[in-house]
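The block underneath contains the structure these notes are about, expressed in structure tokens.
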Amino acid sequence: MANGKTIIVTGGSQGIGAAIVQAFPERGYSIVATSRSISKAGYSPSPRLALVDGDISRAETAEEVAKTAIERFGSIDHVVNNAGIFSSKPFTGYTAEELRAFVSTNLDGFVFITQLAVRQMLAQGRGGSVTSISASLADNPIAGVPASVPMMTKGGIDAITLSLANEYAKERIRFNAVAPGVVDTPLHKGNLKAYSPMDAISGPKDIAEAVVYLTEASHVTGEVLHVDDGAHVGRW
């Protein structure tokens, strides 16, 4: 049964993004999912699922996603900023091209779609939410996993989440983030090791469940929810 609300999910073709896309139809949402080649991701046709191919770091892709949400489903009520890239290496090993790619996907992609969504939410006048995927490493560095440059961008997601939660609180537009630890996804294929006191590895569904919670938790804003098997709690 449709609930009349529309959610946008970026980076929705595999891993965490696919789990998020799959979590919302049973809760009655209409979904606009995007990635560079999401039309080839194997989703079954559905009247409440729209797929938009494109690079979310490009403003024109964000514009097409927002336009699709409004024209197909009549609103933008929630956004999940899942699209992101990551690699681990010593600080001095990152190239200028890699820096630009991290900033483009992880930050530009957030800004372009979130600006359009917030404008639409303000026009609708009934609030909404933006939930972003950060990383536990952003505030809990691990010596065995050097990732300073991508974490500079993920830390930026944490910072802007807090700022926007404050800026739009009176309009009832909520901003939260989920900070995963090690997750069994294609991004980490062949390089899985538990870095946590629970000595465990999360699955995409675990992250999707946290996203669903924050999307529907009408009194939660400015929260960075760690789903990292305790990796953020300190030394172990």
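This chain uses plain numbering: 1 for the first residue, then up along the sequence.
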Find out whether Glu171 and Leu122 are in side-chain contact, i.e. whether some heavy atom of one side chain is under 4.5 Å from a heavy atom of the other.
yes

Does some side-chain heavy atom of Thr153 sit less than 4.5 Å from a side-chain heavy atom of Val103?
yes

Where do Gly11 and Ser35 come nearest, in terms of heavy atoms and distance?
CA-CB, 4.3 Å

Tell me, with the steps shown, if Met152 and Leu99 meet side-chain contact (heavy atoms from CB on, under 4.5 Å).
CA-CA 10 Å; Met152 179 173 64; Leu99 171 61; 3.8 Å; yes

Is the count of non-hydrogen atoms from other residues, nucleotides or ligands lying under 6.0 Å from Lys89 atom NZ greater than 12?
yes

If you measure from OG1 on Thr131 to CD on Glu216, what distance do you get to the nearest 0.5 Å?
10.0 Å

Same cluster (ILVMFWY, side-chain, under 4.5 Å), Val224 and Ile133
no

Is it true that a side-chain atom of Ser134 and a backbone atom of Val178 form a donor plus acceptor pair closer than 3.5 Å?
no

Quick check: do Leu49 and Val21 have side-chain heavy atoms less than 4.5 Å from each other?
yes

Of all the heavy-atom pairs spanning Pro150 and Asn106, show the shortest one and how long it is.
O-ND2, 4.4 Å

Should Tyr29 and His78 be marked as a ring pair (Phe, Tyr, Trp, His ring centres under 6.0 Å) after you check the CA-CA gap, both sets of side-chain angles, and the distance that decides it?
CA-CA 10 Å; Tyr29 291 83; His78 305 281; 5.8 Å; yes

Is there side-chain contact between Val212 and Arg27, with at least one heavy-atom pair below 4.5 Å?
yes

To the closest 0.5 Å, what do you measure between NZ (Lys67) and CG (Leu116)?
12.5 Å

Could you give all pairs that pass the ring-ring contact (aromatic ring centres under 6.0 Å, His included) test and reach residues 205-229, with sequence neighbours left out?
His226-His232

Is there a side-chain contact between Asn166 and Leu162 (heavy atoms, below 4.5 Å)?
no

Spacing of OG1 belonging to Thr10 relative to CZ belonging to Phe112, to within rounding of 0.5 Å:
13.0 Å

Taking CZ in Arg72 as the centre, count heavy atoms belonging to other residues, nucleotides or ligands within less than 6.0 Å. Is the count above 12?
yes

Can you name the nearest heavy-atom pair linking Asp228 to Pro180, along with the distance?
CB-C, 4.1 Å

Non-hydrogen side-chain atoms of Ile160 and Phe175 separated by less than 4.5 Å
no

Nearest-0.5 Å distance, NZ of residue Lys154 to CZ of residue Phe102:
10.0 Å

Can you measure from CZ (Phe24) to OG1 (Thr215) and round to the nearest 0.5 angstrom?
3.5 Å

Under a single-linkage definition using a 4.5 Å side-chain heavy-atom cutoff for Ile, Leu, Val, Met, Phe, Trp and Tyr, are Ile8 and Ile173 assigned to the same hydrophobic cluster?
yes

Does some side-chain heavy atom of Asn81 sit less than 4.5 Å from a side-chain heavy atom of Ile113?
yes

Test Asn140 against Ile142 for side-chain contact (heavy atoms from CB on, under 4.5 Å), laying out the working first.
CA-CA 6 Å; Asn140 181 67; Ile142 297 173; 4.0 Å; yes

Could you report the tightest heavy-atom contact between Ala50 and Phe73, atom names first, then the distance?
CB-CE1, 4.0 Å

Residues Ser30, Thr6; criterion side chain to side chain donor-acceptor pair (under 3.5 Å); working and verdict:
CA-CA 5 Å; Ser30 297; Thr6 305; 4.8 Å; no

Roughly how far apart are Glu97 CD and Ser104 OG, rounded to 0.5 Å?
13.0 Å

Can you name the closest pair of heavy atoms from Val79 and Ala117 and give their distance?
CG2-CB, 3.4 Å

Does some side-chain heavy atom of Ile31 sit less than 4.5 Å from a side-chain heavy atom of Pro25?
yes

Taking every heavy atom of Thr34 against every heavy atom of Val52, the minimum-distance pair comes out as OG1-O, 2.7 Å

So among Arg126, Lys5, Arg174, which one has a salt bridge (Lys or Arg N to Asp or Glu O under 4.0 Å) with Asp77?
Arg126

List for me each residue that meets side chain to side chain donor-acceptor pair (under 3.5 Å) alongside Gln124, sequence neighbours excluded, and say none if there are none.
Gln120

Keeping the roles fixed (side chain from Asn176, backbone from Glu223), state whether a donor-acceptor pair exists under 3.5 Å.
yes

